[in-house]
Amino acid sequence: MGNCCSDVAGGHASVGTTAGDLRNQADTANDAVDYFLRSRGHRGLFSQIELSFSASGLRDRDVLSKSDPMLVLYTKGKNGALEELGRTEVVLNSLDPTWITKHTLIYHFEVVQVLVFRVYDVDTQFHNVDVKMLKLEEQQFLGEATCALSEIITRFDQSLTLDLHRDDFITSTHSQNYGKLLVHCEESLSSKTAIEMIFRCSDLEYRDLFSRSDPFLLLSKVVEGGMQIPICKTEVIKNDLNPMWKPVFLNIQQVGGKDSPLIIECYNFNSNGKHDLMGKVKRSLLELEKIHSSGQGEKLFLPNKVLNSQLFVDKFTESVQYTFLDYVAGGFELNFMVAVDFTASNGNPRLPDSLHYLDPSGRQNAYQRAIVEVGEVIQFYDSDKRFPAWGFGARPIDGPVSHCFNLNGSSHYCEVEGIQGIMTAYTSALLNVSLAGPTLFGPVISNAALIASHSVANGGRKYFVLLIITDGVVTDLQETKDALVKASDLPLSILIVGVGGADFKEMEVLDADKGEPLESSSGRVASRDIVQFVPYRDVQSGEISVVQALLAELPTQFLTYMRSRNIQPSL
C-alpha cells in the first residue's frame, strides 16, 4: 500500500497518507497540521488494484449455441444500493469465459468494500452494440456472486472462487449449479514504486514577531480543474529559517506520474491552525530529480513575487517497496483483540441512560457499535477468527475487582469465536459482573503485549490490533505509558475509543500524533507510535465513521514495524 511517512513517531514526525485522527483541533503541532490537511480534503491510505475475471460451468441459455457471457461489476453501499463500476466485453459462444477487460479500483483498508458480480448472456442482436449501452433487463441473467474486496486480497494468490447463484431459484428443492466465478486482484506497480526525498530550505523570511518561524512543507498534486489535493506533509521544525526535514516517501500512484505537477508549499505553523504561507514551488518528480542532481536550489515564490528563499532536494531515490498488500498476500495476518470498560461510571446497565444499556429494540449501544464496526473490517485479515476478549474495572460474582478478566467468563482461555462471539460474551458479562473501578489500562495492554511477544518468539507472522473501549480517563496514566513504551517494540497497535460525554483531553497524550513521543518512567522513549485515540462523539455524526478514524493509521504502523526490522513477505 502506498504511503508517505517517516519511521519517526510522535508529534514532530512526518506523516503520510493517513487522515491522522479525526478529532477536533488541539493545541499541538501535528494536530493543527492534520486539521489543516483535512480541511483541504485529505483522507486515508489507499492503493490502486486491478481486478480480472474468468468463469466456468455457466448455464447454457442459448438454443443453437452456447451463451455469450458479459460480467457487470457493482459496489454495494451500506444501505444496500448498488453502484455499477464497469462491464467486461462479451465473450462469444463460451460457458467458460476468460474476460480480457480488467477493472481498476482503489482499495481502502479502513472500509469494507462489498463487490457484487453479475453475469449476463448477451442476445445475438446486441453483439454490435457497445456494452456500455446495453440494457441489462433485455439480457439473460446467468447468476451473481458477492464478496468483500478484503476477501480477495487476503488470499495467498489473491484469487477467490465464488459460486454463482440466482435468487429466484433459492427456494427450489433441487440444488442448482450456475457455475463459478474466479476473481483475481493485482496491485498496481505504481502503488509500489516509492520515491524518497529529503527537502531543506534556505533563507526563509521571518513570520513571527518574537521568534524564528516554525516551518513545515505540504505537498499536493494538481487534478483536473486545477484543484490541489494534499498528499504529504513534513514535520514542523521549531525556530529555524534554514530547516532540513526528515525523509518523506511518495509513491508514483499517489502523484499520478513522474511528470505530473506537484505543488510544494512552505508554511509557518500556528497553533490555531491558521498557518502562514511562506512560499511555494510547482515542479514534477522528474524536475525535482533534476534539482537534486544539479545541487542547486529552486526559488520559492508568492503571488506576484519571487523570493530569495530556496528549496533544495538533498536526496532523491526511487525503489520498489513491499506494500501492505504484499505482506497480506505473503501470509501476514492482523489479529483482533478487544477490551471493554466495565467501570461504574458507565451507569447501571439496566437503565436506559447507561452506556452499557442493552436496548430491547436491538439498537446497539456505543460499545457494541465500536466492536462491530472495527471487527467487521479487521476480521478478514485473521484466518481463524478467534479473538481474545477482555473486560476491566469490574467485580466478578465470586471475586475482587479485576482489571483484566476474560469476557467469556472462562478462567483458562480468553478467545471467542468471531465478532458474534465477542458480542455474546459482552452481553453475558454484563449479567455476571458488578461495575466498579478505577479505569486501568496497564493490565490489558500488558496482556496483549504478552500474546504479541509469544508470537514473535515462535516466529509467528502476525500483527496484533487491540481495541480498547472506555468511558473515562485512564487512572494509571504513567503505568499505561510504561506498558505502551514497552509494547512499541512489538507487532501491536492499540485503538482506543472514548464513549460518552467525558473530557478525554488527558487521553490524547497517549496518541503520539497529538504531542511528544511517549516516555516511560525510566526515561525510555517509545520506538514508534502504536496508539490511535478517537472520542466516539466527535465522529459518530460526521461523514467519516469511527472505523475510518481509528484504522486510518494502522497500515502505516504495520509497515513501520516491518520495515524497521527488515521483515519481508514471502511472495
Side-chain angles (χ1 to χ4, degrees), residues 112 148 150-151 154 332-343 346 349 355-359 362-399 401-435 440-441 443-455 458 460-471 487 490-497 499 546-547 550-551 554:
V112 178
S150 302
E151 292 181 81
T154 52
F332 282 85
E333 297 189 11
L334 299 181
N335 286 69
F336 185 45
M337 308 169 167
V338 66
V340 177
D341 182 343
F342 284 91
T343 55
N346 283 280
L355 292 170
H356 280 306
Y357 181 64
L358 300 176
D359 195 322
R363 184 173 180 269
Q364 294 178 338
N365 62 39
Y367 283 93
Q368 292 171 310
R369 290 198 300 273
I371 291 169
V372 170
E373 290 182 20
V374 177
E376 282 184 341
V377 172
I378 298 181
Q379 65 175 339
F380 294 109
Y381 305 87
D382 190 332
S383 61
D384 67 6
K385 294 178 173 52
R386 294 183 59 83
F387 308 131
W390 301 292
F392 60 92
R395 179 179 290 105
I397 291 176
D398 56 351
V401 173
S402 173
H403 300 294
C404 185
F405 57 89
N406 296 332
L407 209 58
N408 59 16
S410 169
S411 58
H412 304 294
Y413 62 94
C414 61
E415 292 184 332
V416 298
E417 294 279 355
I419 303 304
Q420 188 54 49
I422 300 177
M423 298 292 278
T424 300
Y426 165 71
T427 302
S428 177
L430 281 175
L431 303 175
N432 291 289
V433 301
S434 299
L435 275 56
L440 307 182
F441 284 3
V444 166
I445 295 172
S446 295
N447 247 22
L450 184 62
I451 293 175
S453 64
H454 285 167
S455 175
N458 294 324
R461 299 160 68 83
K462 299 178 183 294
Y463 190 92
F464 296 85
V465 182
L466 170 64
L467 171 65
I468 301 176
I469 317 169
T470 181
D471 83 311
L490 295 169
L492 174 67
S493 285
I494 298 173
L495 315 175
I496 305 175
V497 178
V499 297
V546 67
V547 171
L550 279 170
L551 300 181
L554 187 54

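Residue indices begin at 1 and follow the sequence shown. Side-chain atoms are counted along with the backbone in the values below, which use heavy atoms only and exclude waters and symmetry mates.
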Residues 407-421 vs salt bridge (Lys or Arg N to Asp or Glu O under 4.0 Å), sequence neighbours excluded, gives R386-E415, R386-E417

So does Y413 get a backbone contact from the side chain of N408, meaning a donor-acceptor N/O pair under 3.5 Å? yes

Between the CG atom in N447 and the SG atom in C404, the distance rounded to the nearest 0.5 Å is 4.0 Å

So, F392 versus F441, ring centres under 6.0 angstrom or not?
yes

For the residue pair V372 and M423, establish whether any side-chain heavy-atom pair is separated by less than 4.5 Å.
yes

To the nearest 0.5 Å, atom CG of D341 lies from atom CD1 of I468 at 10.0 Å

Within-4.5 Å side-chain heavy-atom neighbours: L358 and L430:
yes

Close side-chain approach of L407 and W390, heavy atoms under 4.5 Å: no

Sorted by chain and residue number, the salt bridge (charged side-chain N to carboxylate O under 4.0 Å, His left out) partners of K385 (sequence neighbours excluded) come out as none

CD of E333 to OH of Y381, rounded to nearest 0.5 Å, is 12.0 Å

T427 meets the side-chain hydrogen bond (donor to acceptor under 3.5 Å, both in side chains) criterion, sequence neighbours left out, with none

dist D382:CG -> F336:CZ (nearest 0.5 Å) comes out at 10.0 Å

Decide yes or no for N365 and V499: does some side-chain heavy atom of the first lie under 4.5 Å from some side-chain heavy atom of the second?
no

Applying ring pair (Phe, Tyr, Trp, His ring centres under 6.0 Å) to F332 and not counting sequence neighbours gives Y327

Hits for side-chain hydrogen bond (donor to acceptor under 3.5 Å, both in side chains) against Y357, two or more places apart or cross-chain, chain-then-number order -> none

Ring pair (Phe, Tyr, Trp, His ring centres under 6.0 Å) filter on H356, not counting sequence neighbours, yields F342, Y367, Y426

